[in-house]
2 protein chains.
Amino acid sequence: MPEDVVPEGEQAASGAGMAADIAEQPAGYARLLGEQAPAIAEVAAQIARRRPRFVLYTARGTSDHAALYAAYLTEIRLGIPSGLASPSAITVYGARPALDNSLVVGVSQSGGSPDLVEVLDVAREQGACTLAVCNNPNSPLADAAELVVDLAAGHERAVAATKTYTAELLALLMLVEGVRAGDGRLPAAERDALAALPGLAAALIEDPTAAQLAPRYRFANQLITTGRGYAYPTARETALKLMETSYLAALAFSGADLLHGPLALADPDVPVLALVGAGPAGESMRQVLARLGERRADVVTVGPAAVADSHIRTPAVDERHAPLLDILPLQQLALALALARGENPDAPRGLRKVTETR
Amino acid sequence: MPEDVVPEGEQAASGAGMAADIAEQPAGYARLLGEQAPAIAEVAAQIARRRPRFVLYTARGTSDHAALYAAYLTEIRLGIPSGLASPSAITVYGARPALDNSLVVGVSQSGGSPDLVEVLDVAREQGACTLAVCNNPNSPLADAAELVVDLAAGHERAVAATKTYTAELLALLMLVEGVRAGDGRLPAAERDALAALPGLAAALIEDPTAAQLAPRYRFANQLITTGRGYAYPTARETALKLMETSYLAALAFSGADLLHGPLALADPDVPVLALVGAGPAGESMRQVLARLGERRADVVTVGPAAVADSHIRTPAVDERHAPLLDILPLQQLALALALARGENPDAPRGLRKVTETR
């Protein structure tokens with residue numbers, strides 16, 4: 001495993017690093033579904049035997065969005081209550097929650113942030129089963145955890161995470177479905193659906209539509225992203241990518257929360273990217289699109305069906321699998337927009353690859 | 001209890017409604033600490049007897065920020081794992097998590113949103129103890145719950161919630177501290193600290209400093225709010241108030257998450273409101289302020305000590321109590337800024353007082 005810290009001065013200019021990271025995602029999916037699958041199944045089987053009563057995820061930044069996806073999966077697919085833990089309750093205020101019969105999962109690209117390590121240390125003392133999902137199996141986070149899943153995504157060149165994010169999504173999905181199966185192994189139907197992923201992802205990365213939208217947002221200062229259910233983490237991650245690479249004030253809302261206040265922001269000058277999947281959450285986004293229409297918002301939809309005049313088409317898969325595909329063109333949009341604005345998406349101002357917070 | 005829906009055409013112009021709501025908050029605190037206290041203590045005692053193994057909160061918009069505060073309190077003060085439930089897992093995807101020995105709390109100003117009612121219905125079927133914290137004890141949410149806390153905040157005039165938010169904060173704090181005590185009653189030290197609240201709140205509302213800052217943001221398009229721990233809900237609620245009333249793209253981040261990506265946004269043109277309390281979370285904000293300084297961000301601090309050149313002073317209370325005070329000048333800033341921009345904060349465009357989402 002190459003180290004995750006990009007040495008100073010080694011970043012390629014003109015977004016070549018981020019572009020290469022994005023392009024590697026189909027291979028990353030194939031690796032997790034192939035050579036990494038037995039190790040993930042073994043961890044899933046161990047978790048299934050422990051029968052946790054609830055699952056807490058802890059993460060920062062991009063990884064927090066993968067954790068949010070996993071929390072939805074845990075509640076919906078396993079019927080186990082789940083949530084995101086605020087590290088500060090433990091690291092700043094010294095909370096010591098009773099965690100027997102629970103699972104606490106740290107999700108991190110680098111495995112290097114001290115606050116997540118402390119949360120896993122405390123969780124273990126408090127009786128939790130602990131799991132680290134990270135791209136560095138020799139990291140402090142992996143050392144702190146009882147169980148480890150290696151994302152095996154390889155060295156990430158750009159500061160803005162792309163291939164480690166999608167690797168986190170797929171590894172967490174494989175874990176949850178493995179726990180659901182009981183023996184850790186994916187059922188045939190799930191295995192077949194996921195086997196199509198690398199090919200679908202590769203075709204999507206070839207599609208220039210999203211990058212061609214960049215000029216539309218060349219002079220935008222603000223942008224709203226929105227989605228519901230499994231698509232909400234995609235909305236959050238899209239907003240973060242746009243903030244990190246293009247310095248847009250990108251606001252992510254669940255479709256329902258958007259109607260509870262922030263809708264007032266929407267007007268013809270505030271563009272909206274709306275995720276509209278082929279399933280119940282996509283269906284419930286129709287109410288949101290109607291209200292955005294009343295506000296004459298500039299809406300681009302992302303999903304299998306062209307609901308707005310401007311549209312980024314993604315494959316018609318189960319909403320549960322859509323986050324693994326929908327983010328790909330949105331990463332490309334962030335890359336293209338940063339370049340259109342004359343920014344270097346590989347090395348955003350003010351950021352370091354490994355962020356240490358306590 | 002007057003109804004919560006503001007009839008069309010009844011809103012006062014020039015922010016008189018929101019100003020009146022803001023001004024009533026000290027009296028709202030006194031009411032909860034006085035005549036409402038026995039009823040809250042009774043509910044807290046019932047929860048203490050049930051000894052929940054975990055607590056899930058469910059809410060939308062402003063109430064979601066009160067729920068977030070309560071989740072911190074639950075973990076830190078009770079040592080019970082806690083989280084915010086996404087209604088869509090249940091309402092959109094039909095999740096049926098196992099909720100025996102758990103407490104599920106719906107927090108809502110109106111008690112009228114169908115998705116929260118459905119979450120409480122399902123939670124009850126799944127074995128949870130259910131509690132509604134709302135400003136209308138005759139609402140569908142209150143009907144759905146086993147236990148009810150009435151905020152007794154009276155009719156809220158403006159669409160943007162202010163006095164119902166702070167009533168939610170205090171009611172949830174009294175509940176948690178009552179559960180911690182075991183018999184539902186606040187210990188003497190806590191009672192004494194809270195008895196000072198109405199007076200401190202009244203003095204703070206008299207202070208013109210925050211409203212005088214409005215011209216600074218007259219032409220801002222974006223703004224970042226940040227805080228950690230107990231102050232993070234205040235950062236979130238401040239951002240929402242500014243979005244609702246002044247249509248600013250206001251981005252809220254925990255101090256730690258800000259360093260994991262969004263810091264790239266900060267430059268001298270993006271103002272920052274930073275909550276810096278008198279305690280461990282405030283202390284940990286020093287790292288964040290230093291990084292913002294490197295980015296030459298325009299920072300206004302809120303808290304007991306003037307850390308930045310521009311500062312909104314709030315009383316030096318325990319960080320656990322600070323959310324009940326710090327939000328008051330920030331509500332006034334939102335009101336003053338909306339007026340400076342020629343907007344009507346009592347009736348933001350595109351919003352209704354009761355939002356129904358499913």
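Any value given below was found using the heavy atoms of this structure, including those in side chains, with hydrogens, waters and symmetry copies removed. To find a chain, count down the sequence lines: A is the first, B the second, and so on, and within it residues start at 1. Note that the structure is predicted; figures quoted are calculated from it, not measured.
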Under a 4.5 Å heavy-atom cut-off, does chain B meet the side chain of [X], its backbone, both or neither?
| X | value |
| --- | --- |
| A:Leu259 | both |
| A:Ser63 | neither |
| A:Leu265 | both |

Most chain B-contacting option - heavy-atom pairs closer than 4.5 Å, from [options]:
| options | value |
| --- | --- |
| A:Arg228, A:Arg320, A:Gln126, A:Gln287 | A:Arg228 |
| A:Ser284, A:Gly229, A:Pro262 | A:Gly229 |
| A:Leu223, A:Leu248, A:Val270, A:Thr91 | A:Leu248 |

Measure distances from [X] to the heavy atoms of chain A and classify the residue's part below 4.5 Å as side chain, backbone, both or neither.
| X | result |
| --- | --- |
| B:Ser246 | neither |
| B:Glu75 | both |
| B:Arg291 | side chain |
| B:Leu56 | side chain |
| B:Leu99 | side chain |
| B:Tyr230 | both |
| B:Ser113 | side chain |
| B:Ala252 | neither |
| B:Glu294 | side chain |
| B:Ala266 | backbone |
| B:Arg60 | both |

[Y] and [X] side chains, donor-acceptor separation under 3.5 Å:
| X | Y | result |
| --- | --- | --- |
| B:Glu319 | A:Tyr93 | yes |
| A:Thr164 | A:Glu156 | yes |
| B:Ser82 | B:Tyr57 | no |

